[in-house]
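First up is the structure itself, then whatever we jot down about it.
These figures come from a predicted structure and were not determined experimentally.
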Amino acid sequence: MKLMIQIPCYNEAQTLKTALNALPKQIDGIDIIEYLIINDGSADDTVNIAWSWGVNYVVNFRSNRGLAKGFMAGLDACLRNGADIIVNTDADNQYEGADIEKLVRPILEGKSDIVIGARPIDEISDFSPLKKKLQHFGSYIVRKASRTDIPDAPSGFRAYSREAAMRLNVTNEYTYTLETIVQAGRTKMAMDSVPIRTNQEIRPSRLMKSMTGYIKKSIFTIGHVFMMYKPLQFFVTIGSVIFLCGVVVGVRFLNFYFHGVGNGHIQSLILAAVLLLLGFQTMITGLLADVIASNRKILEDVQYHVRRMDYDGVKLEREKQGKSEADKKE
């Protein structure tokens, strides 16, 4: 059983070594632990520090491509190098490295495909009251969209089985955390959550440069997730509200009309017609989007089987090479 721990990095020279030192060197039930960093266009000494510490692999981006792209590139590299379990953690040492054993245990026991670390959000002193509320609200929305009970959706401290990692597909460029939960929940993957510890913040968050920006991007991400994975509900809800407004305006016009004063309220009739038509078209858009979503599910299944043939073929070839080299030594 091979565990690979991946760490997305962007100019992490000051904190990376601390995060790496906290990672476990052995875990019961795991035969091999290897370490991989995703260098997301760092301009400092991040890569040299990683190599000098002893990481096994480095995935390099020439420019900063964002957390979501880095996450998916890390999964690809881990799968190609034969990982049976993949753990994602942060380079800022936010999460307690020793808790990785908690993350992988449900996967080792065959209970889960994805395990997400649940931070004690209300106890984290580095989070402002507004950020704590936003974290809870975002998790609530994701639970509704994914039909799961994950308490800390934005947490990046998580473990994936090989099977689950091959099924993930992130389209959002901002972050992978919310979309992967919704996707996993909608495809009925076994997910679990375990309580974890956090460390004191040693640098400001790179993902949240300002509270206003964080709110805007979070709203966009949640809306994108709903539109992608629950398109019928998303568009029908919006269309129904617009259609209802048209009905109200239309009833108002009819009231004036039957009282003999309709001539002065033609604008209400025009507005009602526009709103009714717009609401109806939005609901039709929801039906079309639902059909497209069904096709996307078929494409995701095809993608999974292609990935499985690719990654398992590479893994088998590596095992053959390893066995051949072992035979030569004997």
Side-chain angles (χ1 to χ4, degrees), residues 5-10 19 38 40 64-76 78 86-96 99-100 102-103 107 112-121 124 126-127 131-161 164-165 167-187 189-196 198 201 205-209 211 213-230:
I5 302 173
Q6 69 171 37
I7 307 177
C9 297
Y10 178 56
I38 303 100
D40 194 11
N64 181 253
R65 298 177 63 184
L67 186 59
K69 295 288 186 183
F71 171 77
M72 290 303 297
L75 289 190
D76 177 73
C78 289
I86 302 168
V87 166
N88 187 87
T89 187
D90 284 355
D92 61 0
N93 200 41
Q94 175 187 172
Y95 308 109
E96 182 61 56
D99 287 341
I100 287 177
K102 291 183 182 180
L103 290 179
I107 297 177
S112 301
D113 290 311
I114 300 175
V115 182
I116 299 174
R119 297 165 293 178
I121 292 175
I124 300 177
D126 296 320
F127 285 7
K131 185 175 181 180
K132 290 177 182 179
K133 290 179 180 179
L134 288 173
Q135 295 276 350
H136 286 305
F137 178 70
S139 296
Y140 169 77
I141 295 297
V142 172
R143 284 196 296 273
K144 292 297 182 183
S146 62
R147 299 175 184 171
T148 64
D149 58 355
I150 301 301
D152 186 9
S155 172
F157 194 43
R158 44 183 71 186
Y160 299 90
S161 68
R167 289 190 176 275
L168 294 180
N169 186 35
V170 178
T171 59
N172 188 319
E173 295 186 359
Y174 176 56
T175 180
Y176 62 90
T177 54
L178 308 182
E179 185 174 348
T180 51
I181 292 177
V182 175
Q183 187 180 35
R186 305 298 291 182
T187 54
M189 291 188 206
M191 279 193 292
D192 199 0
S193 179
V194 296
I196 59 166
T198 58
E201 185 180 276
S205 171
R206 298 269 171 76
L207 195 62
M208 190 188 75
K209 296 180 180 180
M211 185 59 69
Y214 178 76
I215 293 172
K216 287 181 180 178
K217 289 182 178 179
S218 295
I219 292 173
F220 174 80
T221 300
I222 292 170
H224 177 265
V225 166
F226 256 109
M227 191 166 54
M228 280 279 294
Y229 296 99
K230 301 190 77 174

Worked check of side-chain hydrogen bond (donor to acceptor under 3.5 Å, both in side chains) between N88 and Y160: CA-CA 8 Å; N88 187 87; Y160 299 90; over 6 Å; no
Please give me the minimum heavy-atom distance between [X] and [Y], naming the atom from each residue.
{"X": "A165", "Y": "L75", "result": "O-CD1, 4.3 Å"}
{"X": "M72", "Y": "N169", "result": "CE-CA, 4.2 Å"}
{"X": "I114", "Y": "A164", "result": "CG1-CB, 3.8 Å"}

[X]: what forms a side chain to side chain contact (heavy atoms under 4.5 Å, CB included) with it, not counting sequence neighbours?
{"X": "P120", "value": "E123, T198"}
{"X": "S193", "value": "A118, I150, P151"}
{"X": "A68", "value": "V170"}
{"X": "A153", "value": "S139, V142, L178, I181"}

Atom pair CD1/OG of I107 and S161 - distance to nearest 0.5 Å: 5.5 Å
Straight-line distance of Y95 OH to L103 CG, nearest 0.5 Å: 10.0 Å
Sidechain-backbone polar pair: [X] side chain, [Y] backbone, donor-acceptor under 3.5 Å:
{"X": "Y10", "Y": "R65", "answer": "no"}
{"X": "E96", "Y": "I196", "answer": "no"}
{"X": "D92", "Y": "Q94", "answer": "yes"}
{"X": "Q6", "Y": "C78", "answer": "no"}

Set of salt bridge (Lys or Arg N to Asp or Glu O under 4.0 Å) partners for [X], sequence neighbours left out:
{"X": "D152", "answer": "R119"}
{"X": "D149", "answer": "none"}
{"X": "D99", "answer": "K102, R197"}
{"X": "R143", "answer": "none"}

Going by the rule side chain to side chain donor-acceptor pair (under 3.5 Å), which residues pair with [X] if we only count those two or more places apart in sequence or in a different chain?
{"X": "D192", "answer": "none"}
{"X": "E179", "answer": "T171, Y229"}
{"X": "T148", "answer": "S146"}
{"X": "T177", "answer": "T175"}

Pair I38-I7, side chain to side chain contact (heavy atoms under 4.5 Å, CB included): steps then yes or no: CA-CA 6 Å; I38 303 100; I7 307 177; 6.0 Å; no
Pair R158-T89, side-chain donor/acceptor within less than 3.5 Å: no
Note, M191 side chain near V115 side chain (heavy atom, < 4.5 Å): no
4.5 Å side-chain heavy-atom contact, T187 and R167: no
